[in-house]
Chemist: 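Before I ask anything, here is the structure I am working with.
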Amino acid sequence: MITISSGSHALGLLQLLSAAGEIPPGALSFLGSERVVKALVHKLESVQDLRFDKSGLVYHTKLIHVTQVKGRQDTRTVRLYRKAIPLLDELHSGLSARYMETFKRHNFSGDPFHIWRNHRVAEALAACMAAGVEVRPYVLPPLQKTLINHIVPEVPSFYIARDFKKADADHPNKTMYTRIVGALFCPGDCYAVYNTRGAVMKWSGRGELKSMRNLLELARMNAGLDEISAALLFGASYDVAVKTVLESDRSARQDMRFDRIYTRVHFIPLDPNGIRLLKMLILPDWNERLLSVLFAPEERSYNLGSMEYDAIVNGKKILSHLDGDIARLIRFREALRVYAESAEVLCFPWQTGFLQAYLGDAAGIRELEMRVVETALGL
């Protein structure tokens, strides 16, 4: 018998499937120990006695079904077993009906494009869940465009992009041509969320600009925010970030580059380091807290001067890349080409390879251990 209780891997899997519909096997590692979760998934593919700790009810069924398009390993996907859908009502009253409406009566497309789109959403959901973000759509109050009302919770909350359309019934196709997968609301801020997975981000500049403006309207109406200037860019590795940055440098429409639409673009690798970074970025006033830990007040730049940097120490202009902000790094490198300043970049050890490849000998690199920064921020 498998008990589905608070904090269990089985409950996390069920919650993720209720929101995402289908998930790639690789995202299961965000639920806990890869070995333990893999063994659990294997069990849940067979008929089991599933006991819900809260109600005490026991169900005799498979929970999941793993499938793929023939000959396409990259389409391998984990879905709820159809006969297990009624179990969703154990999580929230009426959730099974909501699930059936959202996912077209549990009829998923076999087209790889649609599977990959769902997987991009699922990985972002799984990463946010692992970082302690509220991702359950049935818990979050729905977004609306009727009146200005601060309904977004004070805790970090992730809204899936499809819910934007529900809030804007008059213009339901505003995000049709965008790669945005959702929005992460934090106290005083909102991130547009993208997921490149293992490929270079292919931007539709006009589509992303419209998407950002639509998200800004939602943020004003539901969270009292006046701007959306930041994005989270999830990806399989920092190699993806390198290629995405270089692709942006070759963009024919410079005003439509991703770092012009969002002035802050934080790259989050889809691995444990990325989860730890995400936990930093959802803290209230994280940037000021971080810079106050790193530098003395007299060393700080406070965004003054001819180029963007954080501090001057021993004659060197210092940029902190501890937040993984690619857009800011682009501007820093471009400024160094003009001003030829003595410069240094702060980073975590797992960011070093990326920075060496991108900056070359334009700036020195100094590493800080992640646990030291986390301790200073109270994580």
Side-chain angles (χ1 to χ4, degrees), residues 12 15-16 19-20 23 27 30 117-144 150-167 175 178-197 201 208 211-235 241 258 261-271 273-287 289-290 323-328 377 379:
Q15 290 172 335
L16 185 56
I23 60 179
F30 289 118
R117 168 70 185 180
N118 288 339
H119 284 180
R120 286 199 300 272
V121 175
E123 286 174 339
L125 280 166
C128 287
M129 181 187 291
V133 176
E134 180 56 75
V135 304
R136 296 169 294 172
Y138 53 89
V139 171
L140 296 172
L143 301 175
Q144 51 81 42
H150 195 141
I151 66 169
V152 172
E154 291 301 321
V155 298
S157 305
F158 180 85
Y159 282 83
I160 303 171
R162 64 171 176 263
D163 293 325
F164 302 172
K165 298 179 182 180
K166 296 177 184 178
T175 58
T178 176
R179 289 292 187 98
I180 193 170
V181 298
L184 175 53
F185 288 90
C186 305
D189 207 351
C190 176
Y191 298 101
V193 180
Y194 295 82
N195 182 8
T196 72
R197 308 197 75 207
M201 188 58 138
E208 303 308 333
S211 179
M212 184 272 286
R213 289 172 176 169
N214 184 41
L215 179 56
L216 175 57
E217 192 175 353
L218 288 170
R220 284 172 176 163
M221 299 294 287
N222 297 278
L225 299 177
D226 294 326
E227 67 172 356
I228 300 291
S229 61
L232 300 181
L233 181 63
F234 287 99
F258 74 90
I261 297 172
Y262 300 103
T263 57
R264 294 183 288 138
V265 181
H266 305 276
F267 179 74
I268 312 291
L270 288 164
D271 61 24
N273 288 323
I275 302 305
R276 295 170 71 181
L277 176 55
L278 185 56
K279 289 180 178 179
M280 289 173 45
L281 297 180
I282 61 177
L283 290 173
D285 202 24
W286 63 267
N287 189 47
R289 291 167 63 183
L290 179 60
D323 59 2
D325 188 344
I326 301 174
R328 198 158 180 256
L377 293 176
L379 290 173

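These figures come from a predicted structure and were not determined experimentally.
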Chemist: What closest approach, in Å, do Cys128 and Leu278 show between heavy atoms, and which atom pair accounts for it?
Modeler: CA-CD2, 4.0 Å
Chemist: Nearest 0.5 Å, please: how far is CD1 in Ile268 from CG in Leu232?
Modeler: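 The CD1 atom of Ile268 is 5.5 Å from CG of Leu232, to the nearest 0.5 Å.
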Chemist: What heavy-atom pair brings Leu281 and Tyr191 nearest, and what distance separates the two atoms?
Modeler: O-OH, 2.8 Å
Chemist: Within the side chain of Thr263, is there an N or O that forms a donor-acceptor pair under 3.5 Å with the backbone of Ala230?
Modeler: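 No; zero donor-acceptor contacts below 3.5 Å.
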Chemist: Would you compute the distance between atom CZ of Phe185 and atom CG of Leu218 and round it to the nearest 0.5 angstrom?
Modeler: 6.5 Å
Chemist: Distance-only, no hydrogens or angles: does the Asn222 side chain make a donor-acceptor pair with backbone N or O of Gln144 under 3.5 Å?
Modeler: yes
Chemist: Between Leu270 and Ala127, which heavy-atom pair has the shortest distance, and what is it?
Modeler: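 Smallest heavy-atom distance, with atoms named: CD2-CB, 4.5 Å.
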Chemist: Heavy atoms only: give me the nearest Pro137-Asp163 pair and the separation to one decimal.
Modeler: CB-OD2, 4.5 Å
Chemist: Find the distance between OH (Tyr138) and CD (Gln15) and round it off to the nearest 0.5 Å.
Modeler: 4.5 Å
Chemist: Closest heavy-atom contact between Phe164 and Gly182?
Modeler: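 Minimum heavy-atom contact is CZ-C, 3.9 Å.
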Chemist: List for me each residue that meets salt bridge (Lys or Arg N to Asp or Glu O under 4.0 Å) alongside Asp189, sequence neighbours excluded, and say none if there are none.
Modeler: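 For Asp189 the salt bridge (Lys or Arg N to Asp or Glu O under 4.0 Å) partners, ignoring immediate neighbours, are Arg264.
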Chemist: Which atom pair, heavy atoms only, marks the closest approach of Leu377 to Arg289?
Modeler: O-NH2, 2.8 Å
Chemist: Strictly by salt bridge (Lys or Arg N to Asp or Glu O under 4.0 Å), give each pair with a member in residues 276-285 just once, sequence neighbours left out.
Modeler: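 As it turns out, the salt bridge (Lys or Arg N to Asp or Glu O under 4.0 Å) pairs with a partner in residues 276-285, which skip direct neighbours, are Arg276-Glu374.
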Chemist: For Leu216, check side-chain contact (heavy atoms from CB on, under 4.5 Å) against everything at least two apart and list the hits.
Modeler: Arg220, Ile228
Chemist: How many angstroms lie between CD1 in Ile160 and CG in Leu125, if you round to the nearest 0.5 Å?
Modeler: 4.5 Å
Chemist: Any sub-3.5 Å donor-acceptor pair from Tyr159's side-chain atoms to Val152's backbone N or O?
Modeler: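 No.
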Chemist: For Ala231, what residues pass the side-chain contact (heavy atoms from CB on, under 4.5 Å) criterion, not counting sequence neighbours?
Modeler: Ala192, Tyr194, Tyr262
Chemist: Given Val121, which partner from the list Ile23, Asn195, Val181, Ile180 fulfils the side-chain contact (heavy atoms from CB on, under 4.5 Å) test?
Modeler: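 Single side-chain contact (heavy atoms from CB on, under 4.5 Å) partner of Val121 among Ile23, Asn195, Val181, Ile180: Val181.
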Chemist: Residues two or more places apart in sequence or in another chain: which of them pass side-chain contact (heavy atoms from CB on, under 4.5 Å) with Glu227?
Modeler: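 With sequence neighbours excluded, Glu227 shows a side-chain contact (heavy atoms from CB on, under 4.5 Å) to Ser229, given in chain and number order.
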Chemist: Of all residues at least two apart in sequence or in a different chain, which pass the side-chain contact (heavy atoms from CB on, under 4.5 Å) check with Ala27?
Modeler: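 Ala27 satisfies side-chain contact (heavy atoms from CB on, under 4.5 Å) with Pro24, Phe30, Glu123, Ala126 only.
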Chemist: Quick one: pull up CZ in Arg117 and CZ in Arg179 and give me the separation to the nearest 0.5 Å.
Modeler: 8.5 Å
Chemist: Rounded at 0.5 Å granularity, tell me how far CE in Met129 sits from CZ in Phe158.
Modeler: 11.0 Å
